[in-house]
Amino acid sequence: MAGRVAVIGAGSSGIAAVKVLEEAGFSHIVCFERRDVIGGLWHYHDETARWVDEGCVNRGTVANTSKEILAFSDYPMPDDYPNFCHNSMIDKYLNSYATHFGVHRFIRLNTEVTQVKKHSTFESTGRWEVTSRDFIHDKSITEVFDYIIIANGNTAHPKRPSFPGQDKFRGKAMHSMDFKDSSGWEGKKCCVVGIGNSGTDIACELSDYSPVLLSVRSGAWFLNRLTYRGLPWDFSYHSRFQWIFYSWMPRMVHNTMKRRLYSQAVDHQLYGLNPPEAPDASVQKITDEFPNKIACGLVKIKPNIREFTETGIIFEDGSREDDVDLVVFATGYSFYFPFLDLKDLGVTKEVTDMKLYKHMWVPDMPHHTLVLLNAAQYAGAGFPNTELQSRLAAGVFKGDIRLPSSEKMKAEIARYEANLKARYVSQVRNPRRVEYLLYMDELASLVGCKPNLAWYLITDPILFLHLLFGPGVPYQYRLQGPNIWPEARRAILTVMDRVRKPFENFQPPEAKRRTTSSHGILGTSKYLFAGFIFCAMGYGAVANFMKH
């Protein structure tokens, strides 16, 4: 395939983009990675960050998404991996993926992109000029590329809040990006700011040694990693049947059901965690320890910070905590493209002001030869999302997929944002909020790889039931369309085999003999249930969902 493609970043998004581009027929691919390893955020290291926007997971980070939902569409995680993986396992998986598909030969390690700008012929060719710095040979090089994929992630540039008196605080203040583990802070008085997944995880880790303060502006909805019968939470949350079911029922009923689900783990009102918005208007937080830590008095909920003193903190309710040793700001990240002049993208203010079609393309560009990956805020797994984004980008670059006009793109963006504003609380990142399965289907429809449920209902009823009632695993997007994977059907039908595999060594022989076969998971009862749903909801609603 003619055309040179530059991929910026060799994290999970970058290596998937390289693999997809070669799969689509591109041979002139260069992936720039400023570090000497791939893996991006998932490669943990103890060393001090070399760049202000260089981040990695904490030493103890465990994925909040199960291995079956998190995997790439044609490369399941190893059978013996636990259902929720430690960061070291995910790092190993990413390297295995890159090795299996020969991605390494396209990657330039120790090479930082310092500038991306329009080529002098951009108006007619859509080409870009990329300047990079080779740290090994200490030299800069400028090259021309036909296409650019920016895959450097959206969790690198930390948002660091500033409170009155903070500059006089004599304790240690850091962003969660700089927090490695609790070493050195045992028995110290610590405060964590932010009630996201990172904030609650850090608070729980620090509280193993002494009570921790957690400063929050509002509550949040919490859900355990494991739900009914110990299955991963995302098996039921990311299923087509659930979305059909919820789209059919009134929103009030939907939210009542979700409140009951979340309350099975913890009474949010009792624990002071009840947020002001409805469950479907915010991103639920995944945690196992946090409510227990509150119940044990090891995590103490405090309101937002009003100001710092030299030795402590004064909160908005007037309460005061003295002798605070450490404050960790788990306050999130912002988009950051230091190598890119935003004027080239038609953005005159902040990156967050960008209006992106499918969260990927700037509508007003005369040539859609630059794509942003990871610009969306996923309510689910990131790996398969950016992989499918890359498949769509490759199709557009090849000319197999035509994007709508600028006016139609803007109109769709406006409709999408209006819908979000009607549903979600007003937050900076919410304009980019997407639901995992719905967004994947949206992209897959453009790529041509969305599974045709109506067809499988007739030709392969067993697969149909897994697609409708089972977890929305990414392998389904390799069943049909471009670049199918012959093992996709088998991977979908054997999900529960891989779920059970890590537990085999823990079961006595008699328990193993009583284990239900994976083929019985969606047995006769599912057929009866499917018939009931078709009658109760009306064939038209389900058929319309399958069609679109």
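These figures come from a predicted structure and were not determined experimentally.
- With 3.5 Å as the limit, one finds a donor-acceptor pair spanning the side chains of Ser13 and Asn374.
- The backbone N or O of Val144 sits less than 3.5 Å from a side-chain atom of Arg4, completing a donor-acceptor pair.
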Practice task
Could you give me the CA-CA distance, side-chain angles and deciding distance for Lys410 and Glu417, then say whether salt bridge (charged side-chain N to carboxylate O under 4.0 Å, His left out) is met?
Solution key: CA-CA 11 Å; Lys410 291 179 180 178; Glu417 291 187 347; over 6 Å; no

Practice task
Tell me, with the steps shown, if Gln115 and Leu340 meet side chain to side chain contact (heavy atoms under 4.5 Å, CB included).
Solution key: CA-CA 6 Å; Gln115 186 180 54; Leu340 189 62; over 6 Å; no

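- The two residues Lys408 and Pro404 make their nearest non-hydrogen contact at CB-CB, 3.9 Å.
- Looking at Trp221, its side chain does come within 3.5 Å of a backbone N or O of Glu277 through a donor-acceptor pair.
- With rounding to the nearest 0.5 Å, the separation of NE2 in His359 from CD1 in Ile413 is 8.5 Å.
- Side-chain polar atoms of Asp364 and Ser406 form a donor-acceptor pair below 3.5 angstrom.
- Phe145 and His28 have their aromatic ring centers separated by at least 6.0 angstrom.
- Under the 3.5 Å distance criterion, the side-chain polar atoms of Arg35 are matched with a main-chain donor or acceptor of Gly40.
- A salt bridge links Arg498 with Glu68: the closest approach of a Lys/Arg side-chain nitrogen to an acidic carboxylate oxygen falls below 4.0 angstrom.
- Nearest heavy-atom pair across Arg489 and Leu479 is N-CD2, 3.7 Å.
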Practice task
Before giving the answer on salt bridge (charged side-chain N to carboxylate O under 4.0 Å, His left out), spell out for Asp146 and Arg127 the whole-Å C-alpha distance, their side-chain angles and the decisive distance to 0.1 Å.
Solution key: CA-CA 5 Å; Asp146 298 279; Arg127 289 177 178 170; 3.0 Å; yes

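- A heavy-atom distance below 4.5 Å is not found between the side chains of Arg490 and Tyr475.
- Taking the six-membered ring for Trp, Trp42 and His86 have ring centres at least 6.0 Å apart.
- The minimum heavy-atom distance linking His104 with Asn95 is given by the pair NE2-O, 3.9 Å.
- Side chains of Leu403 and Tyr357 form a contact here, defined as non-hydrogen atoms less than 4.5 Å apart.
- Of the candidates Leu372, Thr369, Val396, Trp361 forms a side chain to side chain contact (heavy atoms under 4.5 Å, CB included) with just one, namely Val396.
- A salt bridge links Glu442 to Lys358: one of the charged nitrogens lies within less than 4.0 Å of a carboxylate oxygen.
- Among all heavy-atom pairs drawn from Ala71 and Pro474, the shortest one is O-CG, 3.0 Å.
- In summary, Lys67 and Asp80 do not engage in a salt bridge, as defined by a charged side-chain N under 4.0 Å from a carboxylate O.
- Counting only heavy atoms from C-beta outward, the side chains of Leu443 and Gln389 approach each other to under 4.5 Å.
- With hydrogens and angles disregarded, no donor-acceptor distance shorter than 3.5 Å links the side chain of Thr61 to the backbone of Val57.
- Looking at heavy atoms from C-beta onward, Arg105 lies out of side-chain contact with Ile29 at the 4.5 angstrom threshold.
- Asn224 contributes no side-chain N or O that, together with a main-chain N or O of Leu226, makes up a donor-acceptor pair within less than 3.5 Å.
- Heavy-atom minimum distance, Ile15 versus Leu94: CD1-O, 3.6 Å.
- Between Asn110 and Arg34, the side chains place no donor N or O within less than 3.5 Å of an acceptor N or O (distance only, hydrogens not considered).
- Note that the CD atom of Glu412 and the CE atom of Met409 stand 9.0 Å from one another [nearest 0.5 Å].
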Problem - Derivation and outcome, side chain to side chain contact (heavy atoms under 4.5 Å, CB included), residues Tyr237 and Thr227 - result: CA-CA 10 Å; Tyr237 190 90; Thr227 54; over 6 Å; no

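- Using cut-offs of 30° and 60° for the angle between ring planes, the Phe101 and Tyr75 rings count as perpendicular.
- Between the side chain of Ser239 and the main chain of Pro471, no donor-acceptor pair closer than 3.5 Å is present.
- Using a 3.5 Å distance cut-off with no hydrogens or angles, the side chains of Thr131 and Thr142 do pair a donor with an acceptor.
- Looking only at distances, no side-chain donor or acceptor of Asp91 sits under 3.5 Å from a matching main-chain atom of Gly39.
- At a threshold of 4.5 Å between non-hydrogen side-chain atoms, the residues Tyr456 and Leu467 count as touching.
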Handout entry: Test log, rule ring pair (Phe, Tyr, Trp, His ring centres under 6.0 Å), inputs His368 and Phe397
Key = CA-CA 8 Å; His368 297 295; Phe397 292 166; over 10 Å; no

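- Contact between Leu493 and Ile462 at its shortest, heavy atoms only, is CD2-CG2, 4.1 Å.
- Judged by distance alone, the side chain of Thr111 and the main-chain N or O of Leu109 form a donor-acceptor pair under 3.5 Å.
- Ring-plane geometry between Tyr93 and Tyr97 is classed as tilted, the angle between the planes lying from 30 to 60 degrees on a 0 to 90 degree scale.
- Looking only at side-chain heavy atoms (C-beta outward), Phe84 and Trp233 come within less than 4.5 Å of each other.
- Lys501 places no side-chain N or O within donor-acceptor distance of the main-chain N or O of Tyr81, the cut-off being under 3.5 Å.
- For the side chain to side chain contact (heavy atoms under 4.5 Å, CB included) test with Trp128, the passing option among His119, Lys118, Lys117, Glu143 is Lys118; the others fail.
- Proximity of Glu123 to Pro366: side-chain heavy atoms (C-beta onward) are separated by under 4.5 Å at one or more points.
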Exercise for the section: Applying salt bridge (charged side-chain N to carboxylate O under 4.0 Å, His left out), run through Glu387 and Arg391 and close with a yes or a no. Expected result: CA-CA 6 Å; Glu387 180 196 18; Arg391 293 176 70 183; 5.6 Å; no

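- Residues Phe337 and Ile150 form a side-chain contact, since some pair of their non-hydrogen atoms from C-beta on lies under 4.5 Å apart.
- Counting only N and O atoms by type, the side chains of Ser66 and Asp234 include a donor and acceptor under 3.5 Å apart.
- Of the possible polar contacts, none joining the Tyr147 side chain to the Val7 backbone as a donor-acceptor pair under 3.5 Å is found.
- A donor and an acceptor atom, one from each side chain of Arg478 and Ser73, are located under 3.5 Å apart.
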